[in-house]
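To start, the structure itself, in structure tokens.
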Protein chains: 2
Amino acid sequence: MVCAKSWTLKKHFEGFPKQSDFELKEVELPPLKDGEVLLEAVFLSIDPYMRPYSAKVMKEGDVMIGEQVAKVVESKNPTYPVGAFVLCRSGWTTHSISTGKGLSLMFPNWPEKLSRSLALGPIGMPGLTAYFGLSEICRPKPGETVLVNAAAGAVGSIVGQIAKIKGCKVVGTAGSDEKVEFLKQLGFDEVFNYKTVKSLEEALKKASPTGYDCYFDNVGGEFSSVALEQMNTFGRIALCGAISLYNDKVPQTGPYIHKTMIFKELCMEGFLVTRWKNRNDEGLKALLKWVEEGKLKCYEHITEGFENMPKAFMGMLKGENVGKAIIKV
Amino acid sequence: MVCAKSWTLKKHFEGFPKQSDFELKEVELPPLKDGEVLLEAVFLSIDPYMRPYSAKVMKEGDVMIGEQVAKVVESKNPTYPVGAFVLCRSGWTTHSISTGKGLSLMFPNWPEKLSRSLALGPIGMPGLTAYFGLSEICRPKPGETVLVNAAAGAVGSIVGQIAKIKGCKVVGTAGSDEKVEFLKQLGFDEVFNYKTVKSLEEALKKASPTGYDCYFDNVGGEFSSVALEQMNTFGRIALCGAISLYNDKVPQTGPYIHKTMIFKELCMEGFLVTRWKNRNDEGLKALLKWVEEGKLKCYEHITEGFENMPKAFMGMLKGENVGKAIIKV
């Protein structure tokens, strides 16, 4: 008998999540049936989307949603032999049984020297989000200026590096001096701590006096209202995340954007990475190649211990992570 | 000697324009030089864009900007013989001298039965705005549902009719019962007076319980915040005008749209018709063909008398016009 530990949503979040909104549960898993496999989590992903999606797809008592890298520890399914590593969406749980549905084997040729946790970050969903969001929605041309916020996060740090690979000038913003240093090391052209500048407007102008052609937005809200005014005509804005708005108890408000959108002929598009799922292989191949060539640097913010998962999640929402937030069991 | 009467911007508008913001001036025009033509306005255009553009491109004392259909009454330029009709951007003036720059001869084969004023409306800039904005930004497919507001206006009334031609279900909103009747006659599927419904949200839901795939927005502001929530996944929003915001003294605010834009994967694009200027002929040809076939009905709101131009402009901003607002000299 295997005992699975799971973090469940005890109570729907109101405003910023609290430790008491989560509950750790233990369940004994039944023996495997034919076709099933038993998975043991190795790395679990912590992502911003979990906050808004908890309200959309979960009910109280459900196991928190999420992706993990797991190892097959018992198998009655020849596609997934014991010892194989898989990506699965079992949520915040140490052990789970799968029929193989929604399971995917990790690249059989996953490079030895790379941590498998990168399949939850730069060479996984956040990497694909950066890759497709930037190339398909921002459509940057060499020489253009790209703005990315939450730039030290799992997606932002990849966006900026890909934009550099594509020959753009990259301006990144983040919320701590440590992150600003990190972004400089990644090769961003201009970076600043948006929390400590006197005026975001002035700081953005100084970072790019000629304005911005592309804006990859992970933040939303007030930041975006200021950034919008500095877009160049025919600018493209990819709305990837809105972390500044996810914990609102009362929705925030800001100036209407219609006039600026019209007179500057801006295009703003929200997206979920799932829309390119039939092109995942293309994206993963490109990301892996860049990582292996040293063009794309990967940073992870690893928290050890499954029991620390809610804390790591809340920390990520506060912006404590540099790079991809990961739980190592 | 010819005396030109012109309406000038005496004072930049603060909030809603007032009669005292305008001044009528008379100027004696000099004799023509070689290459010049003397134009006499026949029809003048009244358009919403004049309100926001007055602040962008005009200084106090300038003649109000705008387009007109004029007749060549004296000519020292063989391209524009006496008696020819032209489209020009001489502004709110009865007579003007042109070197031919920015002048365009009206279709030589302009159909006898059509008023030349239509070249300022359905078969002119507003028609092209509807044609390209709908086809290139909303990209409606047959069977989809298209929402258009200010639907009885110069652009909106054409948008709705083209959407019908393209096989869509069309929902139009307007601000008076008279306009609602007019839209029914134009063949819109669902129409309502947004000023008298109890809840805009409920009225939009009732008009299309399955949501909206395309939204052609002439209004902006609060209307748009409500409409956005009823867009379907992958919906397209063309931002053409923001008449609800043009007269703000203090910018209005509303809820941030980022979360909805992301989770519904919406695309919102602001545009000016000038971006398609190299395709004007294509658009005008299509519009004229539909008008001649009776598929596109043209309505004009004609005010007689050049002296009434400010009043007609203010009336248009208040939504008093049904169809294209035109001044007949």
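Just so you know, these numbers come straight off a predicted model, no measurement behind them. Chain letters run A, B, ... following the sequence lines, proteins first and then strands; every chain starts at 1.
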Check your understanding: Are there more than 12 heavy atoms of other residues, nucleotides or ligands under 6.0 Å from atom CD of A:E265?
Key -> yes
Review point. What's the shortest heavy-atom distance between A:T253 and B:T253, and which atoms?
Key: OG1-OG1, 4.3 Å
Point to revise | Top contributor to chain B contacts, counting heavy-atom pairs under 4.5 Å, from A:A242, A:C267, A:G254 | key: A:G254
Review point. Below 4.5 Å, heavy atoms only, C-beta onward: do B:P52 and A:F263 meet side chain to side chain?
Key: yes
Exercise for review: Verify the neighbour count for atom CD of A:E136: are there more than 12 heavy atoms of other residues, nucleotides or ligands below 6.0 Å?
Suggested key: yes
Exercise for review: Please look at A:S225 and chain B and tell me whether the side chain, the backbone, both or neither of the residue comes under 4.5 angstrom of a heavy atom of that chain.
Suggested key: side chain
Check your understanding: With a 4.5 angstrom heavy-atom cut-off, which part of A:I257 approaches chain B: side chain, backbone, both or neither?
Key -> side chain
Review point. Considering only heavy atoms, which portion of A:L266 lies under 4.5 Å from any heavy atom of chain B: side chain, backbone, both, or neither?
Key: backbone
Review point. Of the backbone (N, CA, C, O) and the side chain (C-beta and beyond), which part of A:K264 lies under 4.5 Å from a heavy atom of chain B, both, or neither?
Key: neither
Exercise for review: Find the one option among A:D248, A:L239, A:I237 whose heavy-atom pairs under 4.5 Å with chain B are most numerous.
Suggested key: A:L239
**Study point:** Atom group of A:D217 that falls short of 4.5 Å from chain B, counting heavy atoms
**Key:** side chain
Exercise for review: Determine, step by step, whether B:E269 and A:M261 satisfy the side chain to side chain contact (heavy atoms under 4.5 Å, CB included) criterion, reporting the C-alpha distance in whole Å, the side-chain angles of both residues, the deciding distance to 0.1 Å, and the verdict.
Suggested key: CA-CA 7 Å; B:E269 186 164 352; A:M261 291 287 297; 5.8 Å; no
Exercise for review: Could you walk me through whether B:S224 and A:H258 pass the side chain to side chain contact (heavy atoms under 4.5 Å, CB included) test, one step at a time?
Suggested key: CA-CA 9 Å; B:S224 285; A:H258 305 94; 3.4 Å; yes
Study note, to complete from the structure: chain B shares the most heavy-atom pairs under 4.5 Å, among A:S244, A:C240, A:P251, with A:C240
